[in-house]
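Given the structure is predicted, the values throughout are model-derived calculations rather than measurements.
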Amino acid sequence: MGVSLRRFVRATAIWLMMALAAALVVPSHAAADPLMPGPDPDPFYAAPPDLDAHVNGDVLKMREKPWHVYFPTSRVFEVLFRSTDSEGKAIAANTTYILPSNHTPDAPLFSYQHIINALGTKCKVASKLYTSDPMNLILEMPGLNLALARGWAVTLPDHLGPRMSYGAAQLGGQITLDSIRAVRKVPEFMVTNSQVGMGGYSGGGMATAWAAALAPTYAPELPIVGAAYGGVPMSLTKMARALGTQPHIAFGLAAIALLGLEREYPDRIDVASQLNSYGRFLADWVINGCTNEAMFVGFYKSAGQMTDRQDYMDDPAVWQVLDENSLELYPGLPTTPVFEWHSPIDGLIPVDAIDHTLGRYCAAGLDLFSMITPTPDHLSAAPLGMFQALDWLERKYQGLPTARTC
């Protein structure tokens, strides 16, 4: 599969994942056995027994990683820290921290949220950075190296959390904020008093946008100077209602989003007990897999093939979960400046949800710049906005004025 097709598949999954998140549910109660990932083979990621004694952002473990060809003049570290899941329970999350050789004490810190379309722990950013699998390489390296060349330190949180809860949007925002807290607590990282910028596109943009919206209440102490995000699915509920259950090329990725939401909300979403024999076959393939496994077994399949139930979209509890993870419906407002970009005819996300959310932000007086890209689709908009977003963040770090649409 070529790079362009892989990118298409990943983006298409954003449309599909929430349609399936509303499927395969029992109105009465949730299953007792959500399909969790196998334990990470690296004991570094195991939560310590005193996890509950820590507060969000506390560093639990850290280590320096080997020299990396992606970042030839930088040091790479791994940090395990305390965070909170979507139901308020303590979790141990991780981030990869990159310290360039030209970084000076308290120079800018940039938190970048990757797109992570997977259920297996081997697929998290920290693992994929060192993979030898050519099908699981990280494609955002050019943009990250531009940030490093400017002397910015970079943190790359695995914002799906330890259960790889693909599809859980609020979780991504919380982990992002706690990862920033954590790296600022390590003196060796030289960012204790650094100003913070955040960025991401599509699913990574969703984690970034949620982090910006949650920051005033979840992490008000962080000196966030700006959040740059593009192609954000602002309403998971609208996506679910807009989609049918017909066979699709990217059904496998949609299926793993359903399984990921069950992991995050096991008392509210039941998938495992609803699967028929084919559904269980697909799940067994993907619960520890990455994008390629999901694509292979789900190619042109549909939700109706995974279950024998006819009422699999009738559970109000699932729609409530979707509402809770739809930024358009979240009443909180970011206070940090925002740079946002998207295609005006993006076929993969509801553009009206973006317009409504940004309109609410403008009405509240937010420093916002929204850029409409001259592109017809979701994928081509990504690079067009990314480089302008880095320039915008540079000006924010320096305290310089930036253009505003409101």
Provide the closest heavy-atom pair for [X] versus [Y] in the form atom of the first, atom of the second, distance.
| X | Y | result |
| --- | --- | --- |
| Phe339 | Met371 | CZ-SD, 4.3 Å |
| Arg280 | Leu275 | N-CB, 3.8 Å |
| Ala381 | Thr373 | CB-OG1, 3.4 Å |

Do [X] and [Y] have side-chain N/O donor and acceptor atoms under 3.5 Å apart?
| X | Y | result |
| --- | --- | --- |
| Thr291 | Asn117 | no |
| Tyr218 | Asp178 | yes |
| Thr95 | Thr155 | yes |

Exercise. Under the criterion side-chain contact (heavy atoms from CB on, under 4.5 Å), which of Glu394, Lys396, Gln388 is the partner of Trp392?
Worked result: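 The option that passes is Lys396.
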For this session: Only counting residues at least two apart or in another chain, list the ones meeting side-chain contact (heavy atoms from CB on, under 4.5 Å) with Ser194.
Result: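 Partners of Ser194 under the side-chain contact (heavy atoms from CB on, under 4.5 Å) test: Asp106, Leu109, Val191.
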Exercise. Looking at Tyr229, Phe387, Tyr201, Phe369, which hits ring pair (Phe, Tyr, Trp, His ring centres under 6.0 Å) with Trp341?
Worked result: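 Looking at Tyr229, Phe387, Tyr201, Phe369, the match for Trp341 under the ring pair (Phe, Tyr, Trp, His ring centres under 6.0 Å) is Tyr201.
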For this session: Please work out which of the three classes, parallel, tilted or perpendicular, describes the rings of His114 and Tyr112, given edges at 30° and 60°.
Result: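 Correct class here is perpendicular.
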For this session: Measure the spacing between CG of Leu261 and CG of Leu322 and express it to the nearest 0.5 Å.
Result: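 These two atoms lie 7.0 Å from each other.
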Problem set entry | Single hit among His378, His342, Gln113 for side chain to side chain donor-acceptor pair (under 3.5 Å) with Ser202 |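 With Ser202 as partner, His378, His342, Gln113 yield a single side chain to side chain donor-acceptor pair (under 3.5 Å), made by His378.
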Exercise. Should Val196 and Leu222 be marked as a side-chain contact (heavy atoms from CB on, under 4.5 Å) after you check the CA-CA gap, both sets of side-chain angles, and the distance that decides it?
Worked result: CA-CA 8 Å; Val196 179; Leu222 293 179; 5.5 Å; no
Exercise. Checking Lys124 against Tyr45: charged group under 6.0 Å from the ring centre and within 45 degrees of the axis?
Worked result: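 Here Lys124 passes the 6.0 Å and 45° test against Tyr45.
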For this session: Answer yes or no: is there a side-chain heavy-atom contact under 4.5 Å between Ser74 and His68?
Result: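 The answer is no, as the side chains (C-beta and beyond) never meet within the 4.5 Å cut-off.
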Exercise. Where do Gln305 and Leu282 land on the side-chain contact (heavy atoms from CB on, under 4.5 Å) test, with the steps shown first?
Worked result: CA-CA 10 Å; Gln305 294 173 276; Leu282 186 149; over 6 Å; no
